[in-house]
Trainee: 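Please find one structure pasted underneath; my questions will follow.
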Amino acid sequence: MPETLVALYIFVLSCFIGYWVIWGVTPSLHTPLIALTNAISGIVIVGALLVTGLEGVGTTAEIIGFFAVLLASINVFGGFLVTNRMLAMFNKKKK
Amino acid sequence: MPETLVALYIFVLSCFIGYWVIWGVTPSLHTPLIALTNAISGIVIVGALLVTGLEGVGTTAEIIGFFAVLLASINVFGGFLVTNRMLAMFNKKKK
Amino acid sequence: MMEISVNAQAIAYLVSAILFILALKGLTHPASAQRGNYLAMAGMVIAIVATLMGSEVRSYGFILAGVAVGGVIGTVIAMRIQMTAMPQLVAALHSFVGMAAVLVAIGTFLNKQADGLLNSVLMGELSAGIIIGAITFSGSVIAFGKLQGMISGRPVKFKGQHLLNALLAIATIGFAVHFALTESTVSLTIMTLLAFTLGFTLIIPIGGADMPVIVSMLNSYSGWAAAATGFTLQNNLLIIVGALVGFSGAILSLIMCRAMNRSIFNVVFGGFGTAGVEGDSAADDAMQKGVKSAAIEDAIYWMEDANKVIIIPGYGMAVAQAQHSMKELMEQLEARGVEVKFAIHPVAGRMPGHMNVLLAEADIPYENVVEMDEINPEFATADVALVVGANDVVNPAAKDDPTSPIYGMPVLDAGKAHHVFVIKRSMRPGYSGVENRLYYQDNTSLIFGDAKDVSEGMVNQLKGSAH
Amino acid sequence: MMEISVNAQAIAYLVSAILFILALKGLTHPASAQRGNYLAMAGMVIAIVATLMGSEVRSYGFILAGVAVGGVIGTVIAMRIQMTAMPQLVAALHSFVGMAAVLVAIGTFLNKQADGLLNSVLMGELSAGIIIGAITFSGSVIAFGKLQGMISGRPVKFKGQHLLNALLAIATIGFAVHFALTESTVSLTIMTLLAFTLGFTLIIPIGGADMPVIVSMLNSYSGWAAAATGFTLQNNLLIIVGALVGFSGAILSLIMCRAMNRSIFNVVFGGFGTAGVEGDSAADDAMQKGVKSAAIEDAIYWMEDANKVIIIPGYGMAVAQAQHSMKELMEQLEARGVEVKFAIHPVAGRMPGHMNVLLAEADIPYENVVEMDEINPEFATADVALVVGANDVVNPAAKDDPTSPIYGMPVLDAGKAHHVFVIKRSMRPGYSGVENRLYYQDNTSLIFGDAKDVSEGMVNQLKGSAH
Ligand SMILES: NC(=O)c1ccc[n+]([C@@H]2O[C@H](COP(=O)([O-])OP(=O)(O)OC[C@H]3O[C@@H](n4cnc5c(N)ncnc54)[C@H](OP(=O)(O)O)[C@@H]3O)[C@@H](O)[C@H]2O)c1
Ligand SMILES: NC(=O)c1ccc[n+]([C@@H]2O[C@H](COP(=O)([O-])OP(=O)(O)OC[C@H]3O[C@@H](n4cnc5c(N)ncnc54)[C@H](OP(=O)(O)O)[C@@H]3O)[C@@H](O)[C@H]2O)c1
């Protein structure tokens, strides 16, 4: 199967998973959910790394890649930490 | 990505879908669910067709394939029709 | 036949997979269930047509013959089968899937061998397909035999049986590895035979009563067998569908085990539900044991003036095919202003949702059919609880006797009703083989007889009496 | 750095995807939520390490610099931000994802161009990534500005605005097609600029009050942008994660719209929540309108001897940061034997689950926090309903006034309590701009003031009074 079709299969299956996993989230955690998916969408950092780290990449691409890495990193770090802060609040109540 | 890895990705994603879609089935439809998945597992017929229909396939393989097609067909026809009979009972009550 | 490209075929398979997923999702609700079944049919048609139109399929003779013969057999079976025989039917159909998977794997082996395309990964996948398929086949055959009463339902236990199974399993895997490494047809053959044997020896020791869980487990296996076939043929549709079916069977077994408060291990290795007390003359037995037996008239007396009657159907109602009489009984009572409800225990009968199907068959409206958690608080306010061929699901020992094997299983509180009438044929215990103390309660009376005969008797009496 | 094969990388990516899915599943329950977050972190680390170890990444200078700077900025922001500023933060972070997606797509274009690997499908996918990313970026910037109060929250409406947007969208797609077919860098540039513009013009007309829905919609876009990037880079991890995020945003927007009984179309094209009645002196206004205003003492008088007090927090509690005083108030009342519950409306505040986070922050136990459907029947038996900065979620017009714009939205039945006290600063309406008849009910009194000041006042009074 050509790569594009593989991508399509994976996309379609992931959409079903997305549908079910998100409807399963309990309403009281909807705000943390927003923060967490925000952090997770920082996964574009993988794309940014691939653009920046390529051998013999031109300077323009390298600088563009640098900014992409930077922005995605803000997202990853900021997103996970803020989610953690929020969830810690939910957690301490259980003790 | 090599085909085996593609298959692995698809398998893993499908497992998640299987998990959620089945837990979603309402208990009163568990018996029809068994019948329906039974019918669906007749999908091995696709494999049977591929074995049987191959050009220049030997007679042994052809006969083996014939029985595979036959058994899978019983499953497909029997499974869907019996599911249909069962669901029709649930349905008529709504009128 | 018009030919389609590999890409077009892949897209058709994806559409088919989506349809199957949506079909199962349709079972979320009775209203969308039938549409779900149609979606699945569409998915199957698309899958088959796309396969036939692909460049790989060149000769159609054997295919058409196979589909025609199989189609006729399947249709006849589906039209003839009685709803109460569903567990057997499902077991039989599973055996076909298992055998088909074995045949497909062997056929693939022959084809690839002829083309010189074999490699170890492929042969490993083929072995997985054959082993799972063969176990599914012979296991399902045994399950069918036990459910149909063709093989004794007793657990066939012997010393060293677990050891034997373990040795068989190890040997099977050993030959599989040898086959994958050497392409030896002899190893392939021995492996296949061993796998068939393993299916027999694994399932034979399990009591007939545990077959529903086993059937569901085999359903799961048939899914994994399809998925393994998908790996060997690099067919993603088979992989997706196999995983769906595999999870379905696994989750349903889990649900049954949970509702019975047992572990799947206990089912597979336990040997349960086999006490097999042979009841003699029903009434004698009852006298000895000190239970009250009652006549149809007694039950009618209390029911016709009641405010609320709760009917608890169980396996016996299914065996007796008494669901239609239940409907009539309900109508007769409702005509007298009595509120009638059916209380459904999640594992009443022999398959999950068994009672729901039968009551639906008899056209009993949804509103009158209530699940356990919802109905339990209502027993205290019911005038009569009528237990129709149910036993374990109303056994109070599950709640208050920690030594009972069914302790911990959630049950219906039938005993809390003002009067309890139980229709059964003898003092024999139910599925679990456990005595039921409910029968000795002061407010309980037993009406001995076949569920259908007794309930028809009730209906006739009610019709006779003016109101 | 040690290098791993493409296959090993693909397996690492699969593990990472599984971790992300399990992470989101962790949010099914508060008890497993934090573990979920750790799983997601692990997934991210695995993804990043596997990428760096792959053969494609050769130079690390710029990467390390980017991660270091971005990491510090992200950490500082996350540590400093107040919980009440979450909507803004999320909007800001989305803009970064959008911009990163645009940059990745352009960088990919440059790299592939240098290697002569461009083709139409790839350029089409690149265009999709750039367009979605750019709209996400500029839309999120506007949303951030409106939420932060840097841009007027008023909907900036002008004639022909929908026509303008439609033309912009068509032009963007036109240039994208031209680019895909001709590889023209000019078209690429124009397309990119047009997409940025479109993000502005689409979001500017929407009122500040509707921003939460918009932020969630943009969350969804950021996911689709990541998925599009995955298609261009043939990276399956990006595709999987993109779809997860895409669905998350879409479903949350849907939930918000449903809870407000509006359609997403109405939000995007409607211009709602903008009445902007400018209240003058609160008391004057109140007198004119005929509402009763009360002092803190009055509320205390009824609350300290009550059996049951239900507190309804809303957006005003979030703005005033009054959650900690709520906790103290609860404790004081409980010490007097009063039963205190918090009633949570699904869209109270400005994000789904907003109130739950704030109450959790203040350490208020789960048991005291009750969802709408469960608490509504209890209002009739409550002595006091204390509405703290909530407005729309207690507006009876949603139930009984078919002409009201919020008609049909499910609301909390606060008005059924024996006494209703409402803490707010003026007679200004809430989010929807709709008048609230609850304030004119006989059993309602308003306590004008900031939610935190008033509730602290209550706590002090209770502490002062002996009990
Ligand atoms: N539903 C599932 O998914 C599932 C799966 C696996 C196991 N199980 C098990 O199956 C059991 C189901 O409980 P249950 O209460 O429905 O059934 P049960 O405990 O098996 O009892 C059935 C009763 O029906 C009576 N009966 C049989 N044929 C009859 C007839 N023709 N007329 C009248 N009575 C008849 C039997 O007594 P007589 O012989 O004296 O008439 C027996 O006591 C549970 O133990 C459950 O764990 C269920
Ligand atoms: N949660 C979500 O996901 C979400 C998303 C989108 C939209 N919405 C919408 O947001 C609204 C939420 O309803 P709601 O009842 O929570 O809020 P609301 O209807 O917006 O009302 C908030 C009230 O709080 C008062 N207030 C503001 N600051 C205050 C302060 N410092 N101290 C005391 N009171 C203060 C305001 O009156 P004064 O100005 O007079 O003080 C206002 O009446 C709904 O209409 C909902 O549809 C929610």
Side-chain angles (χ1 to χ4, degrees), chain B residues 3 7 10-11 14-15 17-19 21-22 24-31 33-34 36-38 40-41 43-44 46-55 57-58 60-62 64-84 86-87 89-91 93, chain C residues 20 24-25 27-28 30 33-34 37 40-41 47 51 56-59 62-63 66-67 69-71 73-75 77-78 90 93 96-97 99-101 103-104 106-108 110-111 222-223 226 229 231 233-234 236 238-241 243-245 247-248 251 351-354 356-357 360-361 365:
Chain B
E3 290 286 339
I10 289 183
F11 180 69
S14 305
C15 284
I17 296 178
Y19 173 86
V21 78
I22 300 301
V25 172
T26 173
S28 67
L29 290 176
H30 276 161
T31 294
L33 171 67
I34 294 173
L36 180 59
T37 52
N38 196 207
I40 290 180
S41 67
I43 194 76
V44 283
V46 167
L49 298 178
L50 291 175
V51 166
T52 321
L54 207 71
E55 195 158 19
V57 63
T60 327
E62 216 159 23
I64 287 181
F66 164 74
F67 282 107
V69 172
L70 193 153
L71 291 174
S73 299
I74 298 182
N75 221 57
V76 169
F77 281 80
F80 280 126
L81 289 176
V82 96
T83 310
N84 203 40
M86 228 183 284
L87 291 175
M89 293 170 190
F90 279 87
N91 243 14
K93 291 193 303 177
Chain C
F20 286 129
L24 291 173
K25 186 163 159 18
L27 294 190
T28 321
Q34 201 149 24
N37 194 34
M41 289 182 192
T51 309
E56 280 166 303
V57 177
R58 291 285 180 199
S59 75
F62 280 97
I63 290 180
V67 172
V69 177
I73 300 179
T75 308
I77 295 180
V90 169
L93 292 177
F96 299 160
V97 178
M99 187 47 115
L103 294 175
V104 169
I106 292 177
T108 307
L110 294 176
N111 288 345
S222 76
T229 311
F231 272 90
L233 295 169
Q234 301 194 329
N236 293 319
L238 282 177
I239 296 178
I240 298 173
V241 175
L244 297 179
V245 175
F247 263 90
S248 171
I251 290 176
M351 308 180 86
H354 203 163
N356 299 83
V357 173
E361 187 189 354

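All chains are named by letter (A, B, ...) in the order of the sequence lines, taking the proteins before the strands, and each is independently numbered beginning at 1. Keep in mind that the numbers below use all heavy atoms, side chains included, and drop hydrogens, waters and symmetry copies.
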Trainee: Please name the pair of heavy atoms, one in B:Ala7 and one in C:Ile239, separated by the smallest distance, quoted to 0.1 Å.
Mentor: CB-CD1, 3.5 Å
Trainee: What part of C:Ile240 is in contact with chain B, defined as an atom under 4.5 angstrom from a non-hydrogen atom: side chain, backbone, both or neither?
Mentor: both
Trainee: Go through the structure and list residues passing side chain to side chain contact (heavy atoms under 4.5 Å, CB included) with C:Val245, not counting sequence neighbours.
Mentor: B:Thr37, B:Ile40, B:Ser41, C:Asn219, C:Ser222, C:Val241
Trainee: Under 4.5 Å between any side-chain heavy atoms of B:Phe77 and C:Val67, yes or no?
Mentor: yes
Trainee: Where on B:Leu49 is there a heavy atom nearer than 4.5 Å to chain C: the side chain, the backbone, both, or neither?
Mentor: both
Trainee: In Å, rounded to the nearest 0.5 Å, how long is the span from CG of B:Leu36 to CZ of C:Phe20?
Mentor: 9.0 Å
Trainee: Give the member of C:Thr28, C:Val90, C:Asn37 that has the highest number of heavy-atom pairs under 4.5 Å with chain B.
Mentor: C:Asn37
Trainee: Measuring heavy-atom distances to chain B, does C:Ile63 have an atom under 4.5 Å in its side chain, in its backbone, in both, or in neither?
Mentor: both
Trainee: Do you know the tightest heavy-atom contact between C:Gly66 and B:Phe66?
Mentor: N-CE1, 3.4 Å
Trainee: Which atom pair, heavy atoms only, marks the closest approach of C:Gly107 to B:Val51?
Mentor: CA-CG1, 3.7 Å
Trainee: Can you tell me how far apart CZ (B:Phe67) and CZ (C:Phe62) are? Round to the nearest 0.5 Å.
Mentor: 9.5 Å
Trainee: Restricting to non-hydrogen atoms, name the atom on C:Leu24 and the atom on B:Leu33 that form the minimum distance, rounded to 0.1 Å.
Mentor: CD2-CD1, 3.8 Å
Trainee: Taking atom NE2 of B:His30 and atom NE2 of C:His354, what is their separation to the nearest 0.5 Å?
Mentor: 14.5 Å
Trainee: Let's test your reading of the structure: which of C:Met351, C:Arg58, C:Lys25 forms the most heavy-atom pairs below 4.5 Å with chain B?
Mentor: C:Arg58
Trainee: Among B:Ser28, B:Gly78, B:Ala48, single out the residue with the greatest number of heavy-atom pairs under 4.5 Å to chain C.
Mentor: B:Ser28
Trainee: If we only count heavy atoms from C-beta on, is the C:Val69 to B:Ser73 side-chain gap below 4.5 Å?
Mentor: no
Trainee: Give the minimum heavy-atom separation between C:Leu233 and B:Gly47, together with the two atoms involved.
Mentor: CD1-CA, 3.4 Å
Trainee: Find the one option among C:Gly223, C:Ala226, C:Ser59 whose heavy-atom pairs under 4.5 Å with chain B are most numerous.
Mentor: C:Ser59
Trainee: Relative to chain C, which of B:Thr52, B:Leu71, B:Thr60, B:Val44 shows the most heavy atom pairs under 4.5 Å?
Mentor: B:Leu71
Trainee: Please round to the nearest 0.5 Å and tell me the distance separating atom CD of C:Gln34 and atom CE of B:Met89.
Mentor: 11.0 Å
Trainee: Under a 4.5 Å heavy-atom cutoff, which of C:Ile77, C:Ile73, C:Thr229, C:Ile106 has the most pairs with chain B?
Mentor: C:Ile73
Trainee: Taking the side chain as every heavy atom from C-beta outward, state whether B:Leu50 and C:Val57 have any pair of such atoms under 4.5 Å apart.
Mentor: yes
Trainee: Apply side chain to side chain contact (heavy atoms under 4.5 Å, CB included) to C:Ala243 and list each qualifying residue two or more places apart in sequence or on a separate chain.
Mentor: B:Phe11, B:Ser14, B:Cys15, C:Trp224
Trainee: Top residue by heavy-atom pair count (under 4.5 Å) with chain C, among B:Leu29, B:Val25, B:Ile74?
Mentor: B:Ile74
Trainee: Which heavy atom in B:Leu81 sits nearest to a heavy atom in C:Ala78, and how many Å separate them?
Mentor: CB-CB, 3.5 Å
Trainee: Which atoms of B:Val76 come close to chain C, meaning under 4.5 Å heavy atom to heavy atom: side chain ones, backbone ones, both, or neither?
Mentor: side chain
Trainee: Mind ranking B:Val69, B:Ile17, B:Thr26 by heavy-atom pairs under 4.5 Å with chain C and telling me who comes out on top?
Mentor: B:Thr26
Trainee: Is there a side-chain contact between C:Leu238 and B:Ile43 in this structure, where contact means two heavy atoms from C-beta onward sitting under 4.5 Å apart?
Mentor: yes
Trainee: Distance check, rounded to the nearest 0.5 Å: C:Leu103 atom CG versus B:Ile64 atom CD1?
Mentor: 6.5 Å
Trainee: Could you walk me through whether C:Asn356 and B:Thr31 pass the side-chain contact (heavy atoms from CB on, under 4.5 Å) check?
Mentor: CA-CA 8 Å; C:Asn356 299 83; B:Thr31 294; over 6 Å; no
